[in-house]
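See below for the structure under consideration.
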Amino acid sequence: MSNTLTEQEQDSLKQGKGLTAFAMRNNITVIVIVALLAFAGVSSYFNLPKQQDPGFIIRSVVVSTSFPGANPSRVEQLVTDPIEEVLQEIPELDSIESESRNGISIVTASFQEKYKTMRPLFDKVRRKVNDLEDQGGLPSGAFTPNINDEYGDVYGILYTLQGEGFNVAELKQIADEIRNDLLALDNVAKVEIHGEQDEVVYVEYNGARLQELSISPTQLADALAAANILESGGDIRIGQERIVLEPSGNYESLEDLGRTVIQVPAGGVVYLSDIATITRAYVDPRESFTRYQAKETLVLGISLKEGGDILVLDQELNANIPLI
């Protein structure tokens, strides 16, 4: 194969036309430009954000509302339809899907794909639904709507928390402290605790004893609902000073709860502990639990902030977890 330049190529070089001619005349400049581009490419490669499970834009928000005792038809008429009507006032919406079942309404609002920043739009949904509830647009028996716009979060790093001799409540307290420390790290967006159990207080009454005193379970529930209500005690102004008054009588223990006074319809009063057994326990049945190596544990899921580097986050965690 001959390497001789054609007459046309020779003429082009002589006339100084084309990128090749420019490169041959300014070879030093071209070498510098290529070196800078190569350096920029290598630098970008090592500084690019890295995620084990890259996130993606979630353009949907779910509004779920409990309405106990209502059939699907009443749920749709009294809950689903009003929520759909206020959401349709949002111009950025693309579609609305709803499902009405016994005692619950689920409305899914999806936004148009051209929108990239979703937080202001999700906040608009919250304001619309909250205004509807504040204005009495939902029936009295319906619970406050739950607006979920974070179900697309990805937890790329998981830590398990176990402790011999610690109960679930103590482990949960330690997990809360660890979560607060982890949230202070630069690359951490969110820390979620999985496997925890909510503590509750059970009041188990004796039906025969209530019947003997002519107290119905509803009356007992109303008496408990009316007790331990936090209200302002007002304040006293002395010159330029203001002294805030805090009413006493809040429940601090099970014994305090047991001393709640229950009015007897026939006359007189009894203590709650005289007609009921009061115990502290966990929600049963529990909604979820986690295990590691056949042992029950708590799990801390750590989410990477947007634009962060999962490798840098791993280094931060390795440096800080032993200190927590």
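All residue numbers refer to positions in the sequence shown, counting from 1.
Between E133 and K128, no side-chain nitrogen of the basic residue sits less than 4.0 Å from a carboxylate oxygen of the acidic one, so the salt-bridge criterion is not met.
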Between D176 and K172, is a salt bridge (charged side-chain N to carboxylate O under 4.0 Å, His left out) present by the stated rule, with each step listed? CA-CA 6 Å; D176 287 336; K172 177 62 167 56; 3.0 Å; yes

CA sep, side-chain torsions, deciding dist, call: E92, K124, salt bridge (charged side-chain N to carboxylate O under 4.0 Å, His left out): CA-CA 10 Å; E92 296 87 354; K124 187 177 293 187; 3.2 Å; yes

List the steps and the verdict of salt bridge (charged side-chain N to carboxylate O under 4.0 Å, His left out) for D94 and R59. CA-CA 10 Å; D94 181 43; R59 294 183 173 85; over 6 Å; no

Could you walk me through whether D149 and R126 pass the salt bridge (charged side-chain N to carboxylate O under 4.0 Å, His left out) check? CA-CA 10 Å; D149 56 15; R126 292 181 183 276; 3.3 Å; yes

Run the side chain to side chain contact (heavy atoms under 4.5 Å, CB included) test on I275 and L213 for me, step by step, so that the C-alpha distance in whole Å, both residues' side-chain angles and the decisive distance to 0.1 Å come before the verdict. CA-CA 9 Å; I275 58 176; L213 297 173; 3.6 Å; yes

Begin with the C-alpha distance, continue with both residues' side-chain angles, and end with the deciding distance and a verdict on side chain to side chain contact (heavy atoms under 4.5 Å, CB included) for V269 and I262. CA-CA 6 Å; V269 295; I262 307 297; over 6 Å; no

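Atom CD in Q263 sits 13.0 Å away from atom CG in D222 (nearest 0.5 Å). Rounded to the nearest 0.5 angstrom, L182 CG and I157 CD1 are separated by 10.0 Å. Atoms CG and CD, on N71 and E76 in that order, are 10.5 Å from each other to the nearest 0.5 Å. With rounding to the nearest 0.5 angstrom, the CG atom of L171 is 10.5 Å from the CD atom of Q173. Interatomic distance, CZ of R101 versus OG of S66, reported as 10.0 Å (0.5 Å rounding). One finds the CD atom of E99 at 11.5 Å from the OG atom of S64 (value rounded to the nearest 0.5 Å).
Heavy atoms of other residues, nucleotides or ligands lying less than 6.0 angstrom from CZ of R179 number more than 12. In the displayed structure, Y202 atom OH is contacted under 6.0 Å by more than 12 heavy atoms of other residues, nucleotides or ligands. Environment of CZ in R280: sparse, with no more than 12 heavy atoms of neighbouring residues, nucleotides or ligands closer than 6.0 Å. More than 12 heavy atoms of other residues, nucleotides or ligands sit less than 6.0 Å from atom OH of Y159. In this structure, Y271 places its OH atom where only 12 or fewer heavy-atom neighbours from other residues, nucleotides or ligands lie under 6.0 Å away. Remark: E97 CD is loosely packed, at most 12 non-hydrogen atoms of other residues, nucleotides or ligands lying under 6.0 Å away. Around the CZ atom of F289, the shell of radius 6.0 Å holds no more than 12 heavy atoms that belong to other residues, nucleotides or ligands. Counting non-hydrogen atoms of other residues, nucleotides and ligands closer than 6.0 Å to CZ of F143 gives a total of 12 or fewer.
Pairing each heavy atom of L158 with each of G301, the nearest pair is CD2-CA, 3.5 Å. For G141 against P68, the heavy-atom pair with the smallest separation is O-CD, 3.6 Å. Looking at every heavy atom in both residues, Y205 comes nearest to L210 through CD1-CD1, 3.2 Å. Between E204 and T279 the shortest heavy-atom distance is OE1-OG1, 4.2 Å. Taking every heavy atom of both residues into account, E170 and G165 meet most closely at OE1-O, 4.0 Å. Heavy-atom minimum distance, A175 versus L300: O-CD2, 4.1 Å.
At least one side-chain heavy atom of N320 sits less than 4.5 Å from a side-chain heavy atom of L185. Put simply, the side chain of L138 reaches to within 4.5 Å of the side chain of L132, judged on heavy atoms. Residues V107 and I96 form a side-chain contact, since some pair of their non-hydrogen atoms from C-beta on lies under 4.5 Å apart. Between I104 and V75 the shortest side-chain heavy-atom distance does not fall below 4.5 Å. Counting only heavy atoms from C-beta outward, the side chains of F111 and L93 approach each other to under 4.5 Å. Between P265 and I215, some side-chain heavy-atom pair lies under the 4.5 Å cut-off. Residues V264 and V270 are in side-chain contact: their nearest non-hydrogen atoms beyond the backbone lie under 4.5 Å apart. Looking at I33 and L37, their side chains come closer than 4.5 Å, going by heavy atoms from C-beta outward.
Residues E296 and T290 bring no donor and acceptor atom of their side chains to less than 3.5 Å of each other. Judged by distance alone, the side chains of N318 and D314 do bring a donor and an acceptor atom under 3.5 Å apart. For the residue pair E192 and S303, no side-chain donor N or O sits within less than 3.5 Å of a side-chain acceptor on the partner. One side chain, T80 or S100, offers a donor N or O that lies under 3.5 Å from an acceptor on the other.
Remark: the backbone N or O of F39 is not paired with any side-chain donor or acceptor of S43 at under 3.5 angstrom. Using a distance-only test at 3.5 Å, with no hydrogens or angles considered, a donor-acceptor pair links the side chain of N206 to the main chain of R209. Without hydrogens or angle criteria, S60 side chain to S110 main chain gives no donor-acceptor distance under 3.5 Å.
Cluster membership for V312 and V188, using ILVMFWY side-chain heavy atoms within less than 4.5 angstrom, is not shared. Under a hydrophobic-cluster definition in which Ile, Leu, Val, Met, Phe, Trp and Tyr are linked whenever side-chain heavy atoms come within less than 4.5 Å, directly or via other members, Y292 and I174 are assigned to different clusters. L304 and L311 fall within the same hydrophobic cluster, where Ile, Leu, Val, Met, Phe, Trp and Tyr residues are linked whenever their side-chain heavy atoms come under 4.5 Å apart, directly or through other members. Cluster membership check: V125 shares its hydrophobic cluster with I57, using side-chain heavy-atom separations under 4.5 Å among Ile, Leu, Val, Met, Phe, Trp and Tyr.
A side-chain contact (heavy atoms from CB on, under 4.5 Å) with V61 is found for exactly one of I147, T108, V129, L87, namely I147.
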